[in-house]
Amino acid sequence: MTQQNTPDRENNQEKDTKPETKTERLVELGSSVVTNRHGTIHCLTIIGQIEGHTNAPDSAKTTKYEHLLPLLASLEESEEVDGVLILLNTVGGDVEAGLALAEMIAGMTKPTATLVLGGGHSIGIPLAVSGKINMIAPSASMTVHPVRMSGTMIAAPQTYRYFDKLQESIVRFVAAHSQIRAETFRELMLRTDEMANDVGSVLYGEDAVALGLMQQVGTLKDALAALYRAIDEGKKRESEA
């Protein structure tokens, strides 16, 4: 017996074979686009471990820098996107990859807002301060500590000089994109009385703001409101020019 395709059956087959839905893309990439009367906001997440030149274990939640670098470049050049909201909950990760992402965000001309939720630790700190608007949730924390390396290391003076230069790059970036003094940030990195069996400091929402590391304590509503204001002001300046 031959089964013929009816229009309804053909439509169902098209639905079954069509590309992934927006919801599936959101789950997979942690990225979404919202349009309202203020304009179009692209929201992306930086979560878990920032993966660099080597793959993290399969069990680890990661953000791959090779995915975000071209995405950030395309957002900067897009005529459809008016602003970018970056949600952070990261334990840190590859230093060079994290700095690369932070430099990309800091170099964008469009309004950008970062919001630390849960944690913005280690190399996540330069990312947290890289936006034009920087906020941290009241319960979120930030761990400031010296640069570390896992795996084999050559115990030579050149290695220690490399670490020192890399660490100084982080200090300069954070000081340049926040209100914290470089000397204060270095002191937080090297404190010995704050963390058990480790060197560094743990800052929570209000502490980070009081030190000038973050601009203000806020929630998602606050970050979006600030981003909308920046977009509206930018459009107003363009119309007056």
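Here, residue 1 is the first one in the sequence, and each next residue gets the next number.
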Crowding at CD, Gln179 (>12 non-hydrogen neighbours, <6.0 Å): no

Validation row: Thr114, Ser130 side chains within 4.5 angstrom (heavy atoms): yes

Check: Thr112 side chain, Met108 main-chain N or O, donor-acceptor pair, under 3.5 Å: no

Nearest atoms (heavy-atom pairs only) where Ser141 meets Val202: CB-CG1, 4.2 Å

Closest non-hydrogen atom pair between Ser178 and Val129, with its separation: CB-CG1, 4.2 Å

Within 6.0 Å of CG in Asp193, more than 12 heavy atoms from elsewhere: yes

Exercise: do His145 and Ser122 side chains pair donor with acceptor under 3.5 Å: yes

Val91/Thr143 under side chain to side chain contact (heavy atoms under 4.5 Å, CB included): CA gap, chis, key distance, verdict: CA-CA 9 Å; Val91 296; Thr143 303; over 6 Å; no

Heavy-atom pair with the smallest gap, counting every atom of Leu203 and Leu188: CD1-CD1, 4.1 Å

Donor-acceptor contact below 3.5 Å, side chain Thr184 vs main chain Ile180: no

Over 12 non-hydrogen atoms of neighbours within 6.0 angstrom of NZ in Lys64: yes

Any Thr40 side-chain heavy atom under 4.5 Å of Val33 side chain: yes

Under 3.5 Å donor-acceptor, Asn89 side chain and Gly119 backbone: yes

Heavy-atom closest pair, residues Ala106 and Phe173: CB-CZ, 4.1 Å

Donor-acceptor pair between Asp232 and His38 side chains, under 3.5 angstrom: yes

For Ile231 against Asp82, the heavy-atom pair lying closest together: CG1-O, 3.8 Å

Shortest non-hydrogen separation from Lys110 to Glu79 and the atoms involved: NZ-N, 4.5 Å

Atom pair CG (Leu72) and CD (Glu77), whose distance is rounded to the nearest 0.5 Å: 12.5 Å

Side-chain H-bond candidate by donor/acceptor type, Thr109 with Glu76, under 3.5 Å: yes

